[in-house]
Amino acid sequence: MQFHHHGYVSGDPHVLPAAGPAWSPELPEVMDVLVVGSGPAGMVAAAQLAQFPGVSTRLVERRGGRLEIGQADGIQARSVETFQAFGFAERITAEAYRITEMAFWKPDPADPTRIVRAARAADDPTGISEFPHLLVNQARVLDYFSEFMTNGPTRMRPDYGWEFRGLHVEDEGEYPVVVTLARTVGENAGEERVVRAKYVVGADGARSKVRESIGCTLAGDQANHAWGVMDVLAVTDFPDIRTKCSIQSEYGNILLIPREGGYLFRMYVDLGSVADDDHGAVRQTSIEQIIAKANEILHPYTLNVRNVAWHSVYEVGHRLTDRFDDIPVEVLGSRTPRVFIAGDACHTHSAKAGQGMNVSIQDGFNLGWKLGHVLQGRSPESLLATYSAERHVVAKNLIDFDKEWSTLMATKPEDLKDPSELEDFYVRTAEFPAGFLTEYAPSLIVGEPAHQGLATGFPIGKRFKSPIVERVCDTNPVHLGHHATADGRWRIYVFADAAPAGEGTLVPEFADWLTTSAASPLAATPRDGDIDAWFDVKVVYQQDHTGVDLGRVPEAFLPRTGPFDLIDYEKVYAAAQGDDVFDARGIDRDGVIVVVRPDQYVANVLPLAGYEELGAFFAPILAVRDSAPEAAAV
């Protein structure tokens, strides 16, 4: 990370310089954004918004304090990539359980009353990400996002002890969303309070009152199958207790999830089909009954539970709203959305695919930067309509996937079409649960794939898969994408043609256009901010670091920053020896521009000479250039 550019920093460099409006313990009467719910979607949206000075955001939560026992625990590699952007991937990986393999247990053909290990499957056989698949308590994930939020310029913290009661949107006014809240803790519990906001984000779970207030309903089906889930400490002779397992027996199925810390593990225990007239009675299944069922399924092995950290019973259901904002589908485009829903408030599914928290994190990331850009005057309000359009498709694909996976998990071994059907599906579909099949369609912020062939390894609309490059200034091999922090900036990666630095014409001409042309996206940057306040521009040369002369690199890639006009040397890179990014990502040797959104998704691929196309792409995304706001740099 970079610091000291605004003066010597003797303390924690993760704590950014404060820039208002600062958070205060008293909930204000008006705010730019009110986030309801401190689950993954709400916390990520708020953490991202906390990086935008000048944007007032408050996060209310009905609980009196932080989450202690988390429901979700599966952390897919795409989420860990996101954690890297928010500055805590290494720390959470160190404390989490890492999944490298899954074991499949099935009835012993010689004695079907017993289970035997039938197969093993590598968790990521293709190396889809440099980051691992983790298991860790959701509460710890939220802790890290909360820390990032508090360390941001606005020093934001969650406002605990506030329950959402209702809202309505007025036709006019600077703060048109009128919200009623009520105190849930303390001597003023039950007391109502009315606040106003420009925008509201409802991340308040499957029973969302924000969703209800905008007339959305969850529609879908119930699978009529129940599962008991328990986080326990136990003594057992089951040999794979510290390995993720699918356990199928003639008495039912178990999904075993080892947890962080070396001792804790989670079991999803098959409680069987639920009668139509059950009316929720299965949810009264006791922990003792869940443990007894687990022992029955595990035979001949035994499970002696010593401590129960958490348990619950749920019925599998798949539900989705028709929209993720307050604009009815039949009148899309009629006005700017003012109220958004995210996470379980708009999509619910089984827990066994490990997707709930992961998809919710991406909901929050997608929405957070868009709200920040609109509120800081970087982009027009039309940007906000892309949230529902993009994330609804992702949620629909998730539910379709989960229906198939949860059905297979609940199927008796003898009823499968093929004995290896479950493990084959797990391997075949690995890219989806890892979070990497999301591909946003062309839109205001995703270009048409006219030049996709110039960089086949960076598919437009999909997440930017970070490559290894060499940083020229210090010769270190680094992941290019790891420098894309959650700071709200667009990334413009210039992959140079074959000419060395200071030679040829394509790179120098592009650099000159970028810094001098009124059509350049950099022209929208506020005059009182650093030149890279809104756009992070980096160049990658085809030579290794010994073949790049920093003295001949265009100044566009060596920008001056901070009050002392210091040179930023960490924007110039070279192809790594033995791992050439041009070969690894199918990048055309004549040079390519790759544009990446603030949430790490590839927005466009253009030829190195495509200045006009780059300017045209950004023109409708940026606010009116002549009146760019006098905003502080993020």
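Predicted model, so just to flag it, every value in this text is computed and none were measured.
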In short, V136 meets E95 closest at the heavy-atom pair CG2-OE2, 4.2 Å
Y601 and Y440 aromatic centres sub-6.0 Å:
yes
Might you point out which heavy atoms bring A486 and Q48 nearest each other, and give the distance in Å?
O-NE2, 3.2 Å
Taking the side chain as C-beta and beyond, is there a heavy-atom pair between F582 and V540 under 4.5 Å?
yes
Value rounded to 0.5 Å, distance of NZ in K370 from CZ in F365
11.5 Å
Does the D237 side chain pair with the main chain of T302, one donor and one acceptor, at a distance under 3.5 Å?
yes
Within-4.5 Å side-chain heavy-atom neighbours: D270 and Y251
no
Taking atom CZ as the centre, does R323 end up with more than 12 heavy-atom neighbours from other residues, nucleotides or ligands that are less than 6.0 angstrom away?
yes
Any donor-acceptor N/O pair, D583 side chain to D579 backbone, under 3.5 Å
no
I'd like to know if the side chain of T150 reaches the main chain of S146, judged simply by a donor and an acceptor atom lying under 3.5 Å from each other, with no hydrogens or angles considered.
yes
Evaluate the side-chain contact (heavy atoms from CB on, under 4.5 Å) criterion for residues T93 and F131: first the C-alpha distance (whole Å), next the side-chain angles of each, then the deciding distance (0.1 Å), finally the verdict.
CA-CA 9 Å; T93 297; F131 289 107; 5.5 Å; no
F164 and V210: CA distance, side-chain angles, deciding distance, side-chain contact (heavy atoms from CB on, under 4.5 Å) verdict:
CA-CA 8 Å; F164 175 89; V210 177; 3.8 Å; yes
Can you check whether H479 reaches Q84 side chain to side chain, under 4.5 Å on heavy atoms?
no
Hey, are T82 and Q362 close enough side-chain-wise for a donor-acceptor pair under 3.5 Å?
yes
How about F145 and F86: are their ring centroids closer than 6.0 Å?
yes
Side-chain contact test, heavy atoms from C-beta onward, threshold under 4.5 Å: evaluate it for M267 versus L303 and give yes or no.
yes
For the aromatic rings, using the six-membered ring if either is Trp, is the centroid distance between F265 and Y97 under 6.0 Å?
no
If you count every heavy atom of other residues, nucleotides or ligands that lies below 6.0 Å from R114 atom CZ, does the total exceed 12?
no
Picking from R91, R140, R157, R66, what satisfies salt bridge (Lys or Arg N to Asp or Glu O under 4.0 Å) with E147?
R91
Side chain to side chain, R391 and V359, heavy atoms closer than 4.5 Å
yes
With rounding to the nearest 0.5 Å, note down the distance linking CD in E130 to CD1 in I128.
11.0 Å
Spell out, as yes or no, whether a donor-acceptor pair under 3.5 Å connects the side chain of D231 to the backbone of L264.
no
Determine, step by step, whether Y314 and Y268 satisfy the side-chain contact (heavy atoms from CB on, under 4.5 Å) criterion, reporting the C-alpha distance in whole Å, the side-chain angles of both residues, the deciding distance to 0.1 Å, and the verdict.
CA-CA 10 Å; Y314 72 94; Y268 292 95; 3.7 Å; yes
Which heavy-atom pair separates V44 from I361 by the least distance, and what is that distance?
CG1-O, 3.7 Å
Contacts of E296 that satisfy salt bridge (Lys or Arg N to Asp or Glu O under 4.0 Å) - sequence neighbours left out:
K293
Can you say whether the rings of Y301 and F238 are parallel (under 30°), tilted (30 to 60°) or perpendicular (over 60°)?
perpendicular
Can you check whether I341's main-chain N or O pairs, donor with acceptor, with Y387's side chain at less than 3.5 Å?
yes
Interatomic spacing from CD1 in I297 to CD1 in I254 - rounded to 0.5 Å
4.0 Å
Which residue, N253, L255, V282, forms the side chain to side chain contact (heavy atoms under 4.5 Å, CB included) with W227?
N253
Note, V313 side chain near I290 side chain (heavy atom, < 4.5 Å)
yes
Quick one: does any side-chain atom of E61 pair with a main-chain N or O of S38 as donor and acceptor, under 3.5 Å?
yes
Once you round to the nearest 0.5 Å, how far does CD of E101 lie from CG of D123?
9.5 Å
Presence of salt bridge, R78 and E81, under 4.0 angstrom:
yes
Is any side-chain heavy atom of Y493 closer than 4.5 Å to a side-chain heavy atom of V581?
no
Looking at V232, is its backbone amide N or carbonyl O close enough to the side chain of H311 to form a donor-acceptor pair, meaning the two atoms are under 3.5 Å apart?
no
For side-chain contact (heavy atoms from CB on, under 4.5 Å), just list the numbers for R597 and W369, CA-CA rounded to whole Å, side-chain angles, deciding distance to a tenth of an Å, and then say yes or no.
CA-CA 9 Å; R597 298 172 9 167; W369 73 267; 4.1 Å; yes
Measure across H483 and R491 and return the closest heavy-atom pair with its distance rounded to 0.1 Å.
O-NH2, 3.6 Å
Would you find a donor on one side and an acceptor on the other, under 3.5 Å apart, between the side chain of N358 and the backbone of Q76?
yes
Contact between H299 and I115 at the side-chain level, heavy atoms closer than 4.5 Å - yes or no?
no
Taking the six-membered ring for Trp and the full ring for Phe, Tyr or His, determine whether the centres of F458 and F464 are under 6.0 Å apart.
yes
Please confirm whether the backbone N or O of L367 pairs with a side-chain atom of D363, one donor and one acceptor, at under 3.5 Å?
no
Counting distance only, does the side-chain N/O of S286 pair as donor-acceptor with the main-chain N or O of Q289 below 3.5 Å?
yes
Please find the pair of heavy atoms, one from A345 and one from R211, that lie closest to each other, and give the distance.
O-NH1, 2.8 Å
Nearest heavy atoms of P449 and I460, plus distance in Å
CA-CD1, 3.7 Å
